[in-house]
Amino acid sequence: MKWRRTALLRLTFLLTLLCLGWLIFAPLWDPPRTPDAPDITGPLPGPEPAATGSQKPLQGRIDRIVIEKAARRLSVFQGESLVREYRIGLGFAPEGDKERQGDGRTPEGVFRVDRLNDRSKYHLSIGLDYPLPEDRARAAAGGYDPGGDIFIHGQPNQIEKGYRVPGDWTAGCIAIDNHQIAELFAATRIGTEVEIRP
């Protein structure tokens with residue numbers, strides 16, 4: 001009986017030490033990330049948000065959005081006038097046109113805004129009409145899913161204000177900062193043209 005009590009005390013002591021160790025060291029552990037699991041640490045790089053007064057607020061509706069994947073740039077036009085440029089993050093495998101679900105690519109071509117989502121899992125999102133009929137036909141001929149749900153969106157809702165996921169981390173969407181998507185969302189209407197260039 002005595003050895004059982006001693007063994008039980010030792011086991012309890014060992015479990016207590018393990019729990020304390022976990023509480024102390026678990027926050028320091030950084031598990032490996034898959035392409036779909038973005039790194040959500042670090043301060044926002046680059047200039048302060050436009051809300052600080054460095055730019056005048058965007059007035060009225062926009063007419064066109066041009067996304068240049070290689071330059072990681074989203075340009076906003078009213079008529080022929082360039083009114084905004086935002087730095088972007090793309091799909092986790094950004095080279096080339098999107099072909100199928102899960103390839104991590106951002107599609108290329110001319111699309112239209114077909115929905116505005118203010119209840120997104122990201123800070124607002126602007127939906128594009130990908131896949132187009134030609135994308136669906138290509139996928140049907142190849143016997144695969146062309147994918148869908150391509151958005152211009154902000155940062156994930158679970159990250160702290162003032163942080164940005166670095167690099168190309170989406171599943172094929174275009175990501176911008178939260179203050180930028182708020183401005184763009186307010187100025188965009190259904191049917192707005194979005195051209196995505198290589």
If you take all heavy atoms of [X] and [Y], which pair is closest and at what distance?
X	Y	value
H153	S125	CB-CB, 3.7 Å
L132	V110	CD1-O, 3.7 Å
I88	I174	CG2-CG2, 3.7 Å
T192	R189	OG1-O, 2.8 Å
Q155	I176	NE2-O, 3.0 Å
C173	F151	CB-O, 3.1 Å

Is the backbone of [Y] close enough, under 3.5 Å, to the side chain of [X] for a donor and an acceptor to pair up by distance?
X	Y	result
Y130	P146	yes
D103	K98	no
T106	P94	no
T170	L90	yes
N157	S120	yes
Q78	R61	yes

Let me confirm one number: the [atom1]-[atom2] distance from [X] to [Y], rounded to the nearest 0.5 Å.
X	Y	atom1	atom2	result
R115	D149	CZ	CG	5.5 Å
R84	L74	CZ	CG	12.0 Å
Q101	D145	CD	CG	5.0 Å
L124	N117	CG	CG	8.5 Å
S81	D63	OG	CG	9.5 Å
N178	Y163	CG	OH	14.0 Å

Are [X] and [Y] grouped together when hydrophobic residues (ILVMFWY) are joined by side-chain heavy atoms under 4.5 angstrom apart?
X	Y	result
F77	L128	no
V165	L184	no
L58	I67	yes
F185	Y122	no
F111	V76	yes

Under 6.0 Å from the CD atom of E80, do we count more than 12 heavy atoms belonging to anything else shown? no
Kindly indicate whether the side chain of D177, heavy atoms from C-beta on, has any atom under 4.5 Å from the side chain of Y86. no
Side-chain touch I126/I181, heavy atoms, less than 4.5 angstrom: yes
Take E193 and R112 through the salt bridge (Lys or Arg N to Asp or Glu O under 4.0 Å) test and state the conclusion after the steps. CA-CA 5 Å; E193 181 180 290; R112 298 279 175 184; 3.7 Å; yes
With V194 as reference, evaluate I150, T188, D129, I65 under the side-chain contact (heavy atoms from CB on, under 4.5 Å) test and give the passing residue.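 Exactly one pass, corresponding to I65.
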With D168 as partner, the option from K69, R87, R72 fulfilling salt bridge (charged side-chain N to carboxylate O under 4.0 Å, His left out) is R72
